[in-house]
Number of protein chains: 2
Amino acid sequence: MLKNMNFIEKLRETGLRPTKQRVKICEILFNREKTFHFTINDLAKKISEELNEKISLATVYNTVHALQKKGYLKEISINSHKSYFDTNTSVHHHFYDEDTQQLIDCDENEIETVNVKKNITGKKINSVEVLVRVASDNQNQN
Amino acid sequence: MLKNMNFIEKLRETGLRPTKQRVKICEILFNREKTFHFTINDLAKKISEELNEKISLATVYNTVHALQKKGYLKEISINSHKSYFDTNTSVHHHFYDEDTQQLIDCDENEIETVNVKKNITGKKINSVEVLVRVASDNQNQN
DNA sequence: CAACAGTTTAGAATAATTATAATATATAAT
DNA sequence: ATTATATATTATAATTATTCTAAACTGTTG
Ligand SMILES: [Mn+2]
Ligand SMILES: [Mn+2]
Ligand SMILES: [Zn+2]
Ligand SMILES: [Zn+2]
């Protein structure tokens with residue numbers, strides 16, 4: 001799904017009924033320049049801010065999981081206490097800012113292709129992803 | 001902490017009172033050849049199998065967190081639905097078997113050092129870790 | 001307009017983790 | 001050794017995130 005799409009059409013094509021809740025959630029998720037990394041709570045908060053009518057929390061969960069199942073969202077595990085979703089569903093690397101708990105996507109060219117030398121018999125590699133944890137550099141800061 | 005240590009001494013040195021619960025948990029965690037990757041549930045199950053007297057679940061949580069705080073255990077996030085701990089506290093890479101949900105440590109020589117070209121101003125890199133997801137290769141399997 | 005499957009919703013249920021506060025234990029002080 | 005103190009364990013309650021339930025509602029199809 002891309003920016004400024006007709007989500008009604010897109011949802012229907014995908015096999016999801018374009019309810020007003022789903023269209024609104026798609027607008028919040030996909031009508032943006034950059035990748036969006038969010039928790040269900042982030043999303044629910046955004047919805048209640050940007051919308052006059054409320055969407056039930058169960059619907060937010062249902063919709064996020066439906067979109068994930070259809071391949072429009074990817075679940076990211078960084079912090080075992082928080083479940084993140086990502087509008088970038090490709091295999092890709094992340095920076096994780098430990099101060100702000102924000103995820104940032106890494107462009108292909110920002111991390112050299114990882115060379116995995118080991119292989120496990122009978123198993124194939126599904127993905128190779130790098131997580132770079134960063135935090136504020138307190139060296140020159142009293 | 002290493003294999004066959006005197007955990008009573010070790011715990012005391014660390015500033016933790018060597019209660020019989022803690023010593024037993026240390027034996028289960030650290031008296032082994034290889035790194036141990038576990039969930040609280042895995043550990044609680046092992047305890048109840050290997051021990052005649054029970055250890056309360058609260059104590060298992062308390063002890064794991066105490067050991068983590070002292071730097072003897074590291075929390076690993078792979079699966080947002082499960083919280084893993086790791087007796088290997090160094091920065092290191094993992095294979096994750098999606099069939100069995102097992103983590104496997106990666107030796108230094110099995111993955112080439114990852115070259116991170118990007119840097120974020122004001123932030124320093126704390127760790128660079130790779131996660132290789134593997135699953136059974138169903139190509140030659142009817 | 002039916003008719004029907006799919007969706008939303010409030011609220012209940014579940015599960016993992018953390019908090020509470022009484023009891024027990026380890027260590028330090030006498 | 002006895003006592004005093006800080007720490008730890010425990011059963012149980014509370015909290016939190018997520019999922020389930022079942023009734024009401026809505027989108028689609030004919
Ligand atoms: Mn999920
Ligand atoms: Mn934790
Ligand atoms: Zn991403
Ligand atoms: Zn490990």
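Sequence lines set the chain letters: A, B, ... in the order given, protein chains first and strands last, and positions in each chain run from 1. Note that the structure is a prediction, hence the values are computed from the model and not measured.
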[options]: which one has an atom nearest the side-chain heavy atoms of [X]?
| X | options | value |
| --- | --- | --- |
| B:R12 | D:dT19, D:dT10, C:dT27 | C:dT27 |
| A:R17 | C:dA26, D:dT18, C:dT7 | C:dT7 |
| B:Y61 | C:dT18, C:dA19, C:dT9 | C:dT18 |
| B:K54 | D:dA11, D:dT18, C:dT18 | D:dA11 |
| A:Q21 | D:dA8, C:dT27, C:dT9 | C:dT9 |
| A:L16 | C:dT17, C:dT7, D:dT28 | C:dT7 |

Can you measure [X] atom [atom1] to [N] atom [atom2] for me and round it to whole angstrom units?
| X | N | atom1 | atom2 | result |
| --- | --- | --- | --- | --- |
| B:H81 | C:dT17 | NE2 | P | 12 Å |
| A:Y84 | D:dT18 | OH | P | 12 Å |
| A:E53 | C:dT9 | CD | P | 9 Å |
| A:L43 | D:dT18 | CG | C1' | 15 Å |
| B:F85 | C:dT17 | CZ | P | 8 Å |
| B:H65 | C:dT18 | NE2 | C1' | 9 Å |
| B:N62 | C:dA21 | CG | P | 16 Å |
| A:R22 | D:dT26 | CZ | P | 14 Å |

Please classify the nucleic acid contact of A:T19 as base, sugar-phosphate, or nothing, using heavy-atom distances under 4.0 Å.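 The residue A:T19 makes sugar-phosphate contact but no base contact.
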
Would you classify B:K82 as touching base, sugar-phosphate or nothing, given that sugar-phosphate means primed atoms plus P, OP1 and OP2, and contacts are heavy atoms under 4.0 Å?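 It contacts nothing in the nucleic acid.
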
Consider only side-chain N and O atoms of B:H37 and B:D105, and report whether a donor and an acceptor are under 3.5 Å apart.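 Indeed, the side chains of B:H37 and B:D105 share at least one donor-acceptor pair under 3.5 Å.
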
Exercise: do B:S80 and A:E75 side chains pair donor with acceptor under 3.5 Å: yes

Let me know, please, whether B:K20 or B:N41 comes out on the 5' side of the other along DNA chain C by nearest nucleotide.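 Of the two residues, B:N41 wins.
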
Regarding B:D99 and A:K123, does a basic nitrogen lie under 4.0 Å from an acidic carboxylate oxygen? yes

Do the side chains of A:K46 and A:E49 get close enough for a salt bridge, i.e. N-O under 4.0 angstrom? no

Between A:K118 and B:F95, is NZ or CZ placed under 6.0 angstrom from the six-membered ring centre and within 45° of the ring axis?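 Judged by the rule, A:K118 and B:F95 form a cation-pi pair.
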
Of B:I55 and A:L57, whose closest DNA chain D nucleotide lies nearer the 5' terminus? B:I55

